[in-house]
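Below is one structure; the comments refer to it alone.
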Amino acid sequence: MTIDVAKARAETPGTAEVTHFNNAGAALMPSPVIAAQLDHIKLEARIGGYEAAAQEAARIAGVYDSIARLIGCSPEEVAILENATVAWDMAFYALPFAAGDRILTAEVEYGANFVAYLQVAKRTGAKVEVIPSAPSGETSPEALEDMIDERVKLISITHVPTNGGLVNPAAEIGRIAKRHGITYLLDACQSVGQMPIDVTEMGCDILSATSRKYLRGPRGCGFLYVRKGLLETLEPPMIDHDAALWVAPDRYELRGDARRFETWENNYAARLGLGAAIDYALAWGLPAIETRVTDLATTLRRGLADLPGISPRDIGRRKCGIVTFTLDGVDPFEAKQALNDQAINVSVSRPSSTLLDATARALPPVIRASVHYYNTEDEIRCLLDALARLRRG
Ligand SMILES: Cc1ncc(COP(=O)(O)O)c(C=O)c1O
């Protein structure tokens, strides 16, 4: 299937208002996602919040099935949380570490994850080590293989970083982790929704993702996958009486499924929005989405290469829909604002969100234009023209 761009835009009200290249921040929601949330909020207003959840119980439960279909797991391996960070944290902080254990991560690792490694290292004496990148930018599977010994307890990488189009070789890394029996945590926050992701193919034991980015779901929602077999062994870092049944005054029993990582109270409108977003993405097909996103990003990268005074900041053999660059002599925050004044949305990625990579490459804050399948070639031309005007001052 190819993407019917006119249909996609007709179903995306925001496209009439803005030229949206901040899809790696939060993509524009399509009508079914908006409707799923509004309908539920209206139902809550009419009959009561608990009563609305009870009435819609089957649809709410169906969100786990949608996530399972999206990433190729079983619904029992899925927890829905308020964002990708909480999802990632709930699994990471459940992993046992001792002094001398090694945590291996990527040079492009996301700041939220890295500070958590540092905190766990401070608490336990575990060591955080960075897998060198290949000259082309991606985490090197060969370098990883060379680092493995019996003290490596976790391989934890970001699939697509926040600061560029790089796609890490997640499946190759998964094969190495599996061969050595090492737990593998994949931060798929920036990749889920823009390319097919299958947890078996990736070989990951744990995966985290968010709703609002390439999935086009609502803000304030994310999810966690933990492989059956591992999940039963993990004690969540915090629990409530829904994650664990209080069975005796001095005893609780954790749930057997991944919902042991959740707490009871939830935003059901957001969950239904996430479910609608996943079903919508699956209806287009992730391979078709990836093809369109990659083609548009290639068009944008070519257009940027033709503009004087633009430095591309993307690295990687395989690149996705996130395009980063700087404009010589133009402050990126001012550029973002100037574009925003023309209803063109981009974002700025700060060095502190990917500190190791930014330091290694001496990166300043970079402008991030992230395309989605509903963007058009005309919109890309419009962005390139606006950038050329900015450069001319
Ligand atoms: C690579 C990566 N991981 C994790 C996150 C955190 O996602 P959330 O804001 O949903 O917690 C982000 C957000 O930008 C990200 O870029």
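Both ligands and their constituent atoms are indexed starting at 1 by order of listing.
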With no hydrogens and no angle check, do the side chains of T376 and R9 hold a donor and an acceptor under 3.5 Å apart?
no
Give the numbers and elements of all ligand 1 atoms closer than 4.0 Å to a heavy atom of T158.
1 (C)
Nearest neighbour in protein (non-hydrogen) for atom 6 (C) of ligand 1:
T85 OG1, 3.3 Å
Atom 14 (O) of ligand 1: which of K213, E82, Q190, R212 has the nearest heavy atom?
K213
Over 12 foreign heavy atoms within 6.0 Å of CZ, R301
yes
Side-chain donor-acceptor contact under 3.5 Å, R123 with Y93:
no
Location of contacts on A84 toward ligand 1, heavy atoms closer than 4.0 Å:
both
One residue to check: D187. Relative to ligand 1, which of side chain, backbone, both or neither has a non-hydrogen atom less than 4.0 Å away?
side chain
T210 neighbourhood, listing ligand 1 atoms whose heavy-atom distance to it stays under 4.0 Å
10 (O)
Test your reading of the structure: does N113 have an N or O sitting under 3.5 Å from an N or O of ligand 1?
no
Which protein heavy atom lies closest to atom 5 (C) of ligand 1, and at what distance to 0.1 Å?
Y110 CE2, 3.3 Å
Y117 side chain to E109 side chain, donor-acceptor N/O pair below 3.5 angstrom
yes
Report, as yes or no, whether the 6.0 Å neighbourhood of atom NZ on K319 holds more than 12 heavy atoms from other residues, nucleotides or ligands.
yes
Output side-chain donor-acceptor pairs under 3.5 Å for residues 173-186, partner residues at least two apart or in another chain, one line each.
unit_1: R179; atom_1: NH2; unit_2: E145; atom_2: OE1; d: 2.5
unit_1: H180; atom_1: NE2; unit_2: E145; atom_2: OE2; d: 2.6
unit_1: Y184; atom_1: OH; unit_2: A170; atom_2: O; d: 2.8

